Number of protein chains: 2
Amino acid sequence: MTLDERKRKILQSIIKDYVATAEPVGSRAVVRKHDLKISAATVRNEMADLEEMGYLEQPHTSAGRIPSEQGFRYYVDCMMENEHLPEEQLEDLKQAITEHVRDLDQVIAHVAQFLSQITRYTAFIVVPSIHASQFRYLQLIHLNPGEALVLLVTNLGLIMHRRIDIPPNITEEDLESIGKLFNQVFARRRLDALRHTDLQALKEELHQRRRVIDNALDAIDLLLQDSHEERVVISGVLNMLNEPEFKDLEKLRRFLHLLEEEGAIKNNLPQGVGENVNISIGSENSEEMKDMSVVIAGYRSFGEMGKIGVIGPVRMEYWRAAGTVEAVRNIIKEMFQ
Amino acid sequence: MTLDERKRKILQSIIKDYVATAEPVGSRAVVRKHDLKISAATVRNEMADLEEMGYLEQPHTSAGRIPSEQGFRYYVDCMMENEHLPEEQLEDLKQAITEHVRDLDQVIAHVAQFLSQITRYTAFIVVPSIHASQFRYLQLIHLNPGEALVLLVTNLGLIMHRRIDIPPNITEEDLESIGKLFNQVFARRRLDALRHTDLQALKEELHQRRRVIDNALDAIDLLLQDSHEERVVISGVLNMLNEPEFKDLEKLRRFLHLLEEEGAIKNNLPQGVGENVNISIGSENSEEMKDMSVVIAGYRSFGEMGKIGVIGPVRMEYWRAAGTVEAVRNIIKEMFQ
DNA sequence: TGTTAGCACTCATTGCCGTCGAGTGCTAAC
DNA sequence: GTTAGCACTCGACGGCAATGAGTGCTAACA
């Protein structure tokens, strides 16, 4: 399982070359580009060994070698050093964040865009659900006769809302007093503590204006359900068109399809990602993503786990992707403190 | 400029065939498929005429003919009848709308999805800005010490919000009283009547708690700016991958690029669309969309003009697209009444 | 024992025909 | 005005040889 220094050098050369060109790499190319002090024939012998060990493969007999998934795996685990991205670019991102700090959605969108631009892969951010947020404020707003708005605000400034029907004779003052009641009951509780059963209990308790309250409670219930959903933000899908592996329209279609429905991508990301940068290569992913690689890292946001990373072809510049994902993750981490 | 009956028949045959197969159509195919009572040779003569008039073109000498953009234009203007889509499908859509009537965003998303699914092209909906909405309600909500939320609700139930900084000694009660003040001043006015200068004037008028009010006014100002933006909702991008014209990766990239930035697509849609269904073929569009066609119709929503339609290749089933766009537009129209 | 030069072998790619067939334009006959 | 016939055009397709990159193997060398 452990390779000697020369084999490592050769494997590394082949990986760098192959990632850059997407072409099989021959023995001559290895000695030429990385001027090792050995001949092509020696390299050939070594390459044959590496192939036997499973780190390389040969598309056909008279072609050069390309790294196998196992080869990439070995490189990533045992040889790779993350490439740090220049301080100034990070400064740009920090700048952009502080400019939009008022609006979490915008910050997230910016970060995703930054990540995809720098890496030139497709970036994603999984924004955790808001279970742990505190209830801050509820308001019933009279819109038009027979129609009101339930508005729920969390301590993070997240806003959820839903329209409800009300009996036409309910006045603004009525709504206000009902709202006050809700606020008293809910004050400062965590969203995930407001369970369906609580709502039911509250419903029983209240006799007056049952109709409004019923509808409002239903609306709140639905809002809370939504709050349990993670969101996924994606940026840089087009970057994939530059990768020669997506010349194949079928691959491209599968990839785009995966992104089209929110849920699909979420369920296909590697599970159990901790705070470290994690790399998942080709068939290590689920069936749907078996010819892509994912570089992903976790971040904590108010007690919940979010994820950030990039998706690219197996032939990915892992060193650059990992370095960038790590740096951006750290910035997010900072931001949440 | 006017064609005799036989030429029209031939043009129509060629269009139908070409749209279905994406292959040049020969003279034999025309007589065979549409059993006209004339021979292939006659058709050839007519086709030569049609080519000279600019309605057909020939990819190369020994190939069949394909309709030119002018040919499509003639067909659309002078021969086409919209194909109506089955009542039951429309019912499905109406059903879906009434189910989600609580949330305008969801309805829009549904309609777009429906349109793209039925036509198998890429659907878009331009949701007009909300200039004409009425101000309904403003609330200042205390989030955390030093931080509050400005919340603005329109009579349509649209919600805009923004976080602001406040001096840390401001209490919830303070915010409430300031909010009341705003509400009095703004009550029932139209959003587009709340101009920057008004806000400035209000600012001058108020002496107390200047800091909070300043920040809130700034926030409102920004929210109003946003409210002037149209939104574009897009669905069914992937449908394009089925069209053989997008085998060409360069075309595909240009198209996806256009969709990637919100603004780009908005600015490239045909201008001056009225309530009728409008068709814009190939180079009649802006440079960026010169090999696509757009079928578009307008709808009125609270005094503002919205647009709905589909984008497809020039080789589009205009009759089906136009029929569907029209039907869906009518449903939207109904919904807004 | 590890390294290297030499050489035969493999195989994808490229360019070059020749054939095939769909489709045309033209002409002469109906 | 319509049609049949025929020569012509031109892209698509398949076979074939040349090319060249790259390999594996062997024998000689250090």
Side-chain angles (χ1 to χ4, degrees), chain A residues 2-11 13-18 20-68 71 244-245 247-248, chain B residues 2-11 13-18 20-68 71 244-245 247-248:
Chain A
T2 171
L3 301 180
D4 65 44
E5 192 53 34
R6 198 167 65 185
K7 283 203 174 55
R8 288 164 63 94
K9 267 240 163 69
I10 291 173
L11 178 58
S13 300
I14 292 175
I15 286 180
K16 292 267 174 180
D17 244 48
Y18 176 65
T21 64
E23 305 270 295
V25 185
S27 52
R28 280 196 47 137
V30 172
V31 288
R32 211 177 333 111
K33 294 234 184 112
H34 303 266
D35 47 34
L36 306 181
K37 297 284 167 287
I38 50 178
S39 80
T42 313
V43 172
R44 278 204 288 282
N45 288 329
E46 297 286 39
M47 278 161 83
D49 289 353
L50 283 166
E51 182 169 358
E52 197 170 353
M53 289 188 257
Y55 296 124
L56 296 179
E57 43 195 46
Q58 215 171 1
H60 56 265
T61 333
S62 72
R65 305 297 210 292
I66 66 177
S68 66
E245 16 276 283
K247 286 280 182 296
D248 176 359
Chain B
T2 171
L3 300 180
D4 64 46
E5 193 51 36
R6 197 168 65 185
K7 283 203 174 54
R8 289 164 62 95
K9 268 240 163 70
I10 290 173
L11 178 57
S13 301
I14 291 174
I15 285 180
K16 293 267 173 178
D17 243 48
Y18 176 64
T21 64
E23 305 270 295
V25 185
S27 54
R28 281 194 48 135
V30 172
V31 287
R32 210 177 334 111
K33 294 235 184 112
H34 303 267
D35 46 37
L36 306 181
K37 297 283 168 289
I38 50 177
S39 80
T42 313
V43 172
R44 278 204 288 281
N45 288 329
E46 297 286 40
M47 278 162 82
D49 289 354
L50 283 167
E51 181 169 357
E52 197 170 350
M53 289 188 257
Y55 296 124
L56 297 179
E57 42 196 47
Q58 215 172 1
H60 56 265
T61 332
S62 72
R65 305 296 211 291
I66 66 177
S68 67
E245 15 276 283
K247 285 279 182 299
D248 177 359

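Since this is a predicted model, take the numbers as computed values, not measurements. Side-chain atoms are counted along with the backbone in the values below, which use heavy atoms only and exclude waters and symmetry mates. Per chain, numbering begins at 1; letters A, B, ... match sequence-line order.
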[X] has an atom [atom1]; how far is it from atom [atom2] of [N], in whole Å?
X	N	atom1	atom2	value
Glu23(A)	dA12(C)	CD	P	15 Å
Arg32(A)	dG22(D)	CZ	P	7 Å
Asp49(A)	dG24(D)	CG	C1'	13 Å
Arg28(A)	dG20(D)	CZ	C1'	12 Å
Glu57(B)	dT24(C)	CD	P	15 Å
Met47(A)	dG22(D)	CE	C1'	9 Å
Leu56(A)	dG22(D)	CG	P	15 Å
Lys7(A)	dG2(C)	NZ	C1'	12 Å

### Message
Rounded at 0.5 Å granularity, tell me how far CD1 in Ile10(B) sits from CD1 in Ile38(B).
### Response
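Answer for the CD1-CD1 pair, Ile10(B) versus Ile38(B), is 4.5 Å.
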Quick one: look up who [N] pairs with, Watson-Crick or G-U, both distances under 3.5 Å, and put none if it's unpaired.
N	answer
dC30(C)	dG1(D)
dT19(D)	dA12(C)
dG6(C)	dC25(D)

### Query
Can any side-chain N or O of Ser68(A) pair as donor or acceptor with the backbone N or O of Gly54(A) at less than 3.5 Å?
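Between the backbone of Gly54(A) and the side chain of Ser68(A) there is a qualifying donor-acceptor contact (under 3.5 Å).
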#### Entry: Donor-acceptor pair, side chain of Ser27(A) and main chain of Val43(A), under 3.5 angstrom
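No.
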#### Entry: Leu50(B) side chain reached by Arg65(B) side chain, heavy atoms, under 4.5 Å
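No. Closest side-chain heavy atoms not under 4.5 Å.
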### Task
Please say whether more than 12 non-hydrogen atoms of neighbouring residues, nucleotides or ligands are located less than 6.0 Å from NZ in Lys9(A).
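For Lys9(A), atom NZ is not crowded (no more than 12 foreign heavy atoms under 6.0 Å).
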### Message
Taking atom CZ as the centre, does Arg8(B) end up with more than 12 heavy-atom neighbours from other residues, nucleotides or ligands that are less than 6.0 angstrom away?
### Response
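Yes, because the 6.0 Å sphere around CZ of Arg8(B) holds more than 12 heavy atoms from other groups.
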### Phosphate OP1/OP2 of dT23(D): any Arg65(A) side-chain N/O under 4.0 Å
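It does, given that an N or O in the side chain of Arg65(A) lies less than 4.0 Å from OP1 or OP2 of dT23(D).
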### Query
Between Val25(A) and Tyr18(A), which heavy-atom pair has the shortest distance, and what is it?
CG2-N, 3.8 Å
Would you tabulate the pairs of protein nitrogen or oxygen atoms and nucleotide nitrogen or oxygen atoms of nucleotides 2-11 of chain D closer than 3.5 angstrom?
unit_1, atom_1, unit_2, atom_2, d
dT2(D), OP1, Arg6(B), NH1, 2.9
dT2(D), OP2, Arg6(B), NH2, 3.0
dT3(D), OP2, Ser39(B), N, 3.2
dT3(D), OP2, Thr42(B), OG1, 2.5
dT9(D), O2, Ser62(B), OG, 3.4
dC10(D), OP1, Thr61(B), OG1, 3.1
dC10(D), O4', Ser62(B), OG, 3.0
dC10(D), O2, Ser62(B), OG, 3.1

